[in-house]
Amino acid sequence: MTDTPQYGFDTLQVHAGARPDPATGARQTPIYQTTAYVFRDADHAAALFNLQEVGYIYSRLTNPTVSVLQERIATLEGGAGAVCCSSGHAAQIMALFPLMAPGRNIVVSTRLYGGTITQFSQTIKRFGWSAKFVDFDDLDAVTRAIDENTRAVFCETIANPGGYVTDLDAIAAIADEAGLPLIVDNTSATPYLCRPIDHGATLVVHSTTKYLTGNGTVTGGAVVDSGKFDWSALGKFPSLSEPEPAYHGLKFHETFGPLAFTFHSIAVGLRDLGMTLNPQAAHYTLMGIETLSLRMARHVQNAQTVAGWLENHPNVDKVTYAGLPSSPYYERAQRICPKGAGGLFTVALKGGYEACVKFVDSLELFSHVANLGDTRSLVIHSASTTHRQLTPEQQEAAGAAPNVVRISIGIEDAADLIRDLDQALAKAHA
Ligand SMILES: *Cc1c(COP(=O)(O)O)cnc(C)c1O
């Protein structure tokens, strides 16, 4: 970490982690397109492999371009360190990997990104891990779900669909009481709108594919560690507190202190799981982050304008956006994300499934895609795409009822977005 805590967010998003290239003076961070790094001599190589000296060995573990991105994201989130991964889903596995073992479970919110629900309800079972899904507005239920095999609590800052905002402070207090780390997926909010570590999160995960990169070019992920959790206190996290056989009995927590999780994620996680971000992708994400605050402010402003306009449209049943006073999460959003409730919301159309299909087919400026957090405005009708294999009841529970369209508002002119929505709504109800 560079010693730059005195700088503001807009300065840090441009500068944190980067310095002119020592070899050439290049002002922009070069793409270090290399697999390996020459050792000074055999002793240097041995010290690197023993983790006695920090340096570059092989790009599955570390790469200078990726390192700049890691430091930048860690700084923006107020964390001690970060590890980047090949996708948001990779980041989620990387976040859980040092904490879990067969028979262990995580307590997770029912309101999560659809792909995360599948990863947690199906795929992690292959590792002997499991997830207990709980309504995170029912704080007693969250407390009750935690048992002696629970190793983490997991939620999203702003969950879509549904315009849901998690009461991070209340959930962090429960995790704290149980001696467990709270992991928060901050993809939809980004550190510009919310820094979960300030609300008690231990780890923050990102799909950098979305707003952090912001232009729909690459997939990537990150795990940020607050550096504040005591991994040794209760003996629940032996990967971090006990001797690591592959490093001559080194204890990560004892040796690396607040950077234990980050060092473990690189030295063991990336080494053996190989979910590495490549330097070219890191470059695109660094480019994106330079303008994060400018884009997020516009995403929020546009979402506010467009959601407010849609709410008053005669062909619209309901808009779920935590930035609107009609949302049950409006007050909470003011506390958790005071700069705005993000750029995502859902709209329920009169006319149900048929109207929604006609609506998405009639849009010209909005693209119908399975993505979000792009500079371009995007839309998806979940019931006919990502959620089409579910029953109508399951679609309803997932916030993807047949009459619901999810919108990811871009940074275009709000008036142009409204004009496009207006003509598509007219065609949908013709
Ligand atoms: C997209 C997304 C993910 C998964 O990230 P990928 O980069 O697609 O693997 C996880 N959580 C949220 C909130 C997302 O939007």
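Residues: numbered from 1 along the sequence shown. Both ligands and their constituent atoms are indexed starting at 1 by order of listing.
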With sequence neighbours left out, what residues match Ala178 under side-chain contact (heavy atoms from CB on, under 4.5 Å)?
-> Ile146, Leu180

Apply side chain to side chain donor-acceptor pair (under 3.5 Å) to the pair Ser326 and Glu311, showing each step before the final yes or no.
-> CA-CA 9 Å; Ser326 59; Glu311 195 171 46; 2.4 Å; yes

Quick note, side chain to side chain donor-acceptor pair (under 3.5 Å) partners involving residues 179-198, not counting sequence neighbours, are Glu77-Asn186, Thr157-Asn186, Asp185-Thr187, Arg195-Asp198

So among Tyr329, Phe136, Phe345, which one has a ring pair (Phe, Tyr, Trp, His ring centres under 6.0 Å) with Tyr164?
-> Tyr329

Contacts of type side-chain contact (heavy atoms from CB on, under 4.5 Å), residue Leu234, not counting sequence neighbours | Lys236

Drop me the distance from Thr213's OG1 to His206's NE2, to the nearest 0.5 angstrom.
-> 11.0 Å

Between the protein and ligand 1, are there any N or O atom pairs that come within less than 3.5 Å of each other, and if so, what are their names and distances?
| unit_1 | atom_1 | unit_2 | atom_2 | d |
| --- | --- | --- | --- | --- |
| ligand 1 | 5 (O) | Ser207 | OG | 3.0 |
| ligand 1 | 7 (O) | Gly88 | N | 2.8 |
| ligand 1 | 7 (O) | Ser207 | OG | 2.8 |
| ligand 1 | 7 (O) | Thr209 | OG1 | 2.6 |
| ligand 1 | 9 (O) | Gly88 | N | 3.1 |
| ligand 1 | 9 (O) | His89 | N | 2.9 |
| ligand 1 | 11 (N) | Asp185 | OD2 | 2.7 |
| ligand 1 | 15 (O) | Lys210 | NZ | 2.7 |

